[in-house]
Amino acid sequence: MFKNVLILWSITSMLGLSELSAQNFTFGVGFGGMNYQGELTSGGLGEILQITNPAFKLSLTYPLSDHLEFSLSGVFGKIEGDDRLSRIQYRKERNLNFVSKINEFAVSAEYNFLSFSGDFADYRFTPFIEAGVGVFFFDPKTYFLTQEVRLQPIGTEGQGLIQFPERQKYKLSGLVIPFGAGAKLRLNDKMTISLALDCHLTFTDYLDDVSTKYVNYNDLLAGNGPLSAALGNRTGEYFGTAPVDTPSGGKRGTSSNNDFYYTAFLSLHTQIFGWASNVKGCPRF
């Protein structure tokens with residue numbers, strides 16, 4: 001966690017925000033949940049609840065006006081998916097699964113619908129929307145014979161094989177577009193609580209290591225090794241048989257749709273120095 005705080009502070013320094021008035025900065029800590037949407041989830045409520053994982057968020061916010069705020073944030077959590085949880089028989093038989101940590105660092109703008117930020121705020125409560133851009137890091141893994149296996153290096157969809165020159169190993173980092181909405185309530189002159197739901201759009205279809213078509217078992221075995229061959233097609237495990245040796249080209253994923261993850265956070269924000277605003281009295285709605 002200390003490393004993550006240092007990263008956020010480094011970004012702040014590079015952007016020159018450290019030269020702004022310190023008394024206007026607000027530091028936030030949020031706790032909530034993280035989930036993902038991709039090939040290994042069908043969106044059923046029961047499945048979503050089973051693969052929702054804890055997440056936390058650190059943020060540093062500066063008010064540009066009574067409606068607009070600028071924010072630096074770090075989001076840290078975990079996503080996962082498992083075909084065994086699906087109600088769809090095809091997915092059960094496909095039998096793929098993954099888990100991955102997510103570390104995201106972003107800059108964003110928050111727009112408060114009511115006058116809420118800075119020294120001239122009129123309201124103690126406001127709904128808001130937010131959008132930004134950042135970078136994120138992931139690394140999908142699975143378990144095979146009690147062994148944790150990193151999936152990207154072994155090329156389960158034929159990445160690196162001469163038969164598939166268009167399939168290159170995907171990067172484990174990339175751009176992310178976080179956006180969402182929520183509401184804020186000022187507890188006192190220095191502290192604010194917020195609730196926000198955000199979608200984090202990515203530009204990769206490999207959060208779950210699944211995107212395109214199967215590659216023949218023997219081709220994977222010869223080119224990428226036994227782990228790649230065993231984990232490229234896990235249907236045999238589902239039926240308790242030997243690995244299924246199907247021809248290359250069968251559908252494994254849907255490459256036309258990128259994966260994304262989403263978060264929900266309840267956050268507490270505190271003014272680093274001074275007062276958050278001159279608002280007095282009860283909340284105005």
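- The CG atom of Asp205 lies 8.0 Å from the OG atom of Ser256; values are rounded to the nearest 0.5 Å.
- Residues Ile129 and Phe113 are in side-chain contact: their nearest non-hydrogen atoms beyond the backbone lie under 4.5 Å apart.
- A donor and an acceptor atom, one from each side chain of Tyr170 and Asp209, are located under 3.5 Å apart.
- Put simply, the side chain of Thr126 gets close to the backbone of Leu114: a donor and an acceptor are under 3.5 Å apart.
- In this structure the side chain of Asp208 never reaches within 4.5 angstrom of the side chain of Ile79, judged on heavy atoms.
- Between Leu40 and Asp83 there is a side-chain heavy-atom pair separated by less than 4.5 Å.
- Looking at every heavy atom in both residues, Gly77 comes nearest to Ala55 through CA-CB, 4.0 Å.
- If you take OG on Ser194 and CZ on Phe265, they are separated by 10.5 Å, rounding to the nearest 0.5 Å.
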Apply side-chain contact (heavy atoms from CB on, under 4.5 Å) to the pair Lys57 and Thr263, showing each step before the final yes or no. CA-CA 10 Å; Lys57 178 178 182 179; Thr263 56; over 6 Å; no
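- Linking Ile, Leu, Val, Met, Phe, Trp and Tyr residues whenever their side-chain heavy atoms come within less than 4.5 Å places Phe98 and Phe144 in a single cluster.
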For Leu266 and Ile193, run side-chain contact (heavy atoms from CB on, under 4.5 Å): C-alpha distance rounded to whole Å, both residues' side-chain angles, the deciding distance at 0.1 Å, then the answer. CA-CA 7 Å; Leu266 181 65; Ile193 192 170; 4.0 Å; yes
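- Within the 4.5 Å cutoff, side-chain heavy atoms of Ile177 are placed close to those of Phe203.
- Thr204 places none of its side-chain heavy atoms less than 4.5 Å from the side chain of Lys171.
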Evaluate the criterion side-chain contact (heavy atoms from CB on, under 4.5 Å) for residue pair Arg84 and Asn95; output intermediate values, then yes/no. CA-CA 6 Å; Arg84 292 176 296 178; Asn95 196 38; 3.6 Å; yes
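- With hydrogens and angles ignored, the 3.5 Å screen pairs a side-chain donor or acceptor of Arg167 with a backbone N or O of Glu157.
- Between the side chain of Thr41 and the backbone N or O of Gln37, no donor-acceptor pair lies under 3.5 Å.
- In this structure, Phe138 has its ring center at least 6.0 angstrom away from the ring center of Tyr36.
- In this structure, Lys213 contributes its side chain and Ser248 its backbone to no donor-acceptor pair below 3.5 Å.
- Both Ile272 and Leu72 are members of a single hydrophobic cluster when ILVMFWY side chains are connected at heavy-atom separations under 4.5 Å.
- The ring-ring contact (aromatic ring centres under 6.0 Å, His included) pairs that include a residue from residues 222-261 are Phe136-Tyr261, His200-Tyr261, where partners are two or more places apart or lie in different chains.
- Of all non-hydrogen atoms in Tyr217 and Pro243, the two that sit nearest each other are CE1-CB, 3.6 Å.
- Of the N and O atoms on the side chains of Thr142 and Arg234, at least one donor lies less than 3.5 Å from an acceptor on the other residue.
- Between the Arg252 side chain and the Gly232 main chain, a donor and an acceptor come within less than 3.5 Å of each other.
- No path of Ile, Leu, Val, Met, Phe, Trp and Tyr side chains, each step under 4.5 Å between heavy atoms, connects Ile51 with Leu151, placing them in separate hydrophobic clusters.
- Annotation: Tyr62 is in aromatic contact with Phe25 [ring centroid separation under 6.0 Å].
- Under the 4.5 Å side-chain heavy-atom criterion for ILVMFWY residues, no single connected hydrophobic cluster contains both Phe125 and Phe128.
- Side-chain contact check for Asn258 and Thr202: no donor-acceptor pair (N or O, by modelled atom type) lies under 3.5 Å.
- Of the possible donor and acceptor atoms, none in the side chain of Asn224 sits under 3.5 Å from a partner among the backbone N and O of Ala222.
- Considering all non-hydrogen atoms of both residues, Met191 and Asn188 come closest at N-OD1, 2.8 Å.
- Across all their heavy atoms, Asn97 and Tyr143 have their closest contact at OD1-N, 4.4 Å.
- Atom CG of residue Asp198 and atom OH of residue Tyr262 lie 13.0 Å apart, to the nearest 0.5 angstrom.
- For the 3.5 Å distance criterion, the side chains of Glu69 and Thr61 fail to qualify, holding no donor opposite an acceptor.
- Although no hydrogens or angles enter the test, the distance criterion places no donor-acceptor pair under 3.5 Å between the side chain of Ser117 and the main chain of Leu68.
- Between Thr246 atom OG1 and Asn216 atom CG the span is 7.0 Å, to the nearest 0.5 Å.
- Atom CG of residue Leu220 and atom CD1 of residue Ile154 lie 9.0 Å apart, to the nearest 0.5 angstrom.
- Between Leu96 and Glu39, every side-chain heavy-atom pair lies at or beyond the 4.5 Å cut-off.
- In the hydrophobic cluster analysis, where Ile, Leu, Val, Met, Phe, Trp and Tyr join through side-chain heavy atoms closer than 4.5 angstrom, Leu172 is grouped apart from Phe105.
- A donor-acceptor pair is defined here as one N or O able to donate and one able to accept, closer than 3.5 Å; no such pair exists between the side chain of Lys78 and the backbone of Pro54.
- Of all heavy-atom pairs spanning Glu130 and Ala196, the tightest one is OE2-CB, 3.9 Å.
- Put simply, OH on Tyr214 and CG on Asp219 are 15.5 Å apart, with the number rounded to the nearest 0.5 Å.
- Using a 4.5 Å cut-off on side-chain heavy atoms (C-beta onward), Arg150 and Lys141 make contact.
- Between Gly155 and Ser228 the shortest heavy-atom distance is O-OG, 3.0 Å.
- Here the side chains of His67 and Ser115 are in contact, with some heavy-atom distance below 4.5 Å.
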Please evaluate residues Lys184 and His269 with respect to the criterion side-chain contact (heavy atoms from CB on, under 4.5 Å), reporting the C-alpha separation (whole Å), side-chain torsions for both, the decisive distance (0.1 Å), and the verdict. CA-CA 10 Å; Lys184 304 174 185 177; His269 312 265; 6.0 Å; no
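- In this structure, Phe56 and Phe76 have tilted ring planes: the angle between them lies in the 30° to 60° band.
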